[in-house]
A.B. asks: 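There's a structure below that I have some questions on.
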Amino acid sequence: AQTVTQSQPEMSVQEAETVTLSCTYDTSESNYYLFWYKQPPSRQMILVIRQEAYKQQNATENRFSVNFQKAAKSFSLKISDSQLGDTAMYFCASDGGSQGNLIFGKGTKLSVKP
Amino acid sequence: DAGITQSPRHKVTETGTPVTLRCHQTENHRYMYWYRQDPGHGLRLIHYSYGVKDTDKGEVSDGYSVSRSKTEDFLLTLESATSSQTSVYFCAISESDANEQFFGPGTRLTVL
């Protein structure tokens with residue numbers, strides 16, 4: 001079965017600093033997508049960034065970037081210049097589900113401290 | 001933001017009662033999904049739909065049924081709610097089975 005593992009249940013970072021959230025995944029597919037979702041206390045699931053496996057270039061969205069290591073099956077999220085509004089649960093996901101569903105990790109709770 | 005609504009947003013019910021959750025989209029996306037979110041489990045797929053009247057089971061489908069009579073609506077029914085179905089339920093939509101999914105605001109269901 002496809003799996004997504006987030007090894008850091010909780011992390012904290014000072015405002016304006018940089019933090020990296022880790023994610024590893026297991027898939028037998030040759031082409032696939034990876035995602036990071038943010039879930040603030042409002043509970044809304046918000047897409048932060050996505051990466052297509054066949055693209056070697058790491059995806060970037062403003063202060064959010066990924067380090068995609070295909071051979072190592074690693075997909076980490078870097079948040080630069082952390083802001084208080086970045087406080088949330090972050091979920092890594094792959095589209096490896098047999099029904100086209102996303103497979104989610106268990107999440108990393110990020111706290112940004114002033 | 002993708003046009004996805006869920007109703008109700010909160011519900012408290014008793015064991016053994018039927019419950020129906022509704023997901024409504026205005027994006028005309030073909031694919032719709034129901035997930036449940038529980039502490040320590042992330043989100044897990046309950047059922048999904050790949051078109052009107054086309055549905056299939058997910059990882060945790062026992063005790064749930066779904067229906068999709070229109071593109072915009074996807075209903076999740078708990079025929080006889082149990083305490084183990086206390087959870088937060090999310091609906092998601094996608095243009096294809098290889099695209100990102102957009103989520104509704106979630107429904108918090110408590111079964112006493």
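Here is how names work: the chains are called A, B, and so on, in the same order as the sequence lines, proteins then strands, and each is numbered from 1. Excluded from the calculations below are hydrogen atoms, water molecules and symmetry mates; all remaining heavy atoms, backbone and side chain alike, are included.
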A.B. asks: Is it the case that over 12 heavy atoms from other parts of the model lie below 6.0 angstrom from the CG atom of A:Asn31?
C.D. replies: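 Counting neighbours around CG of A:Asn31, more than 12 heavy atoms of other residues, nucleotides or ligands fall under 6.0 Å, so yes.
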A.B. asks: Looking only at non-hydrogen atoms, find the nearest pair between B:His10 and A:Arg43 and report the distance.
C.D. replies: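 For B:His10 and A:Arg43, the tightest heavy-atom pair comes out as CE1-NH1, 4.0 Å.
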A.B. asks: Should we say atom NZ of A:Lys78 is surrounded by more than 12 heavy atoms from elsewhere, each under 6.0 Å from it?
C.D. replies: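 Open.
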A.B. asks: Surrounding CD of B:Glu14 (heavy atoms of other residues, nucleotides or ligands, distance under 6.0 Å), is the total greater than 12?
C.D. replies: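 Not buried by this count: 12 neighbours or fewer within 6.0 Å.
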A.B. asks: Using a 4.5 angstrom heavy-atom cutoff, name the option from B:Gln101, B:Arg108, B:His41 with the most pairs to chain A.
C.D. replies: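 Ranked by contacts with chain A, first place is B:Gln101.
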A.B. asks: So which part of B:Tyr50 gets closer than 4.5 Å to some heavy atom of chain A, the side chain, the backbone, both or neither?
C.D. replies: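 For B:Tyr50, no heavy atom lies under 4.5 Å from chain A.
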A.B. asks: If you measure from CD on B:Gln37 to CD on A:Gln39, what distance do you get to the nearest 0.5 Å?
C.D. replies: 4.0 Å
A.B. asks: Are A:Leu84 and A:Tyr90 connected in the hydrophobic side-chain network, where two residues link if heavy atoms are under 4.5 Å apart?
C.D. replies: yes
A.B. asks: What heavy-atom pair brings A:Leu102 and B:Tyr35 nearest, and what distance separates the two atoms?
C.D. replies: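 Minimum heavy-atom contact is N-OH, 3.0 Å.
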A.B. asks: With hydrophobic residues grouped by side-chain heavy-atom distances under 4.5 Å, do B:Val19 and B:Leu75 end up in a single group?
C.D. replies: no
A.B. asks: More than 12 foreign heavy atoms under 6.0 Å from NZ of A:Lys70: is that the case here?
C.D. replies: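 Enclosed: over 12 neighbouring heavy atoms sit under 6.0 Å from NZ of A:Lys70.
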A.B. asks: Non-hydrogen atoms of chain B under 4.5 Å away: do they reach the side chain of A:Tyr37, the backbone, both or neither?
C.D. replies: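 Contact with chain B involves the side chain of A:Tyr37 alone.
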A.B. asks: Looking only at heavy atoms, which two atoms of A:Gln44 and B:Phe103 are closest? And how far apart?
C.D. replies: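 Nearest heavy atoms, A:Gln44 then B:Phe103: NE2-O, 2.9 Å.
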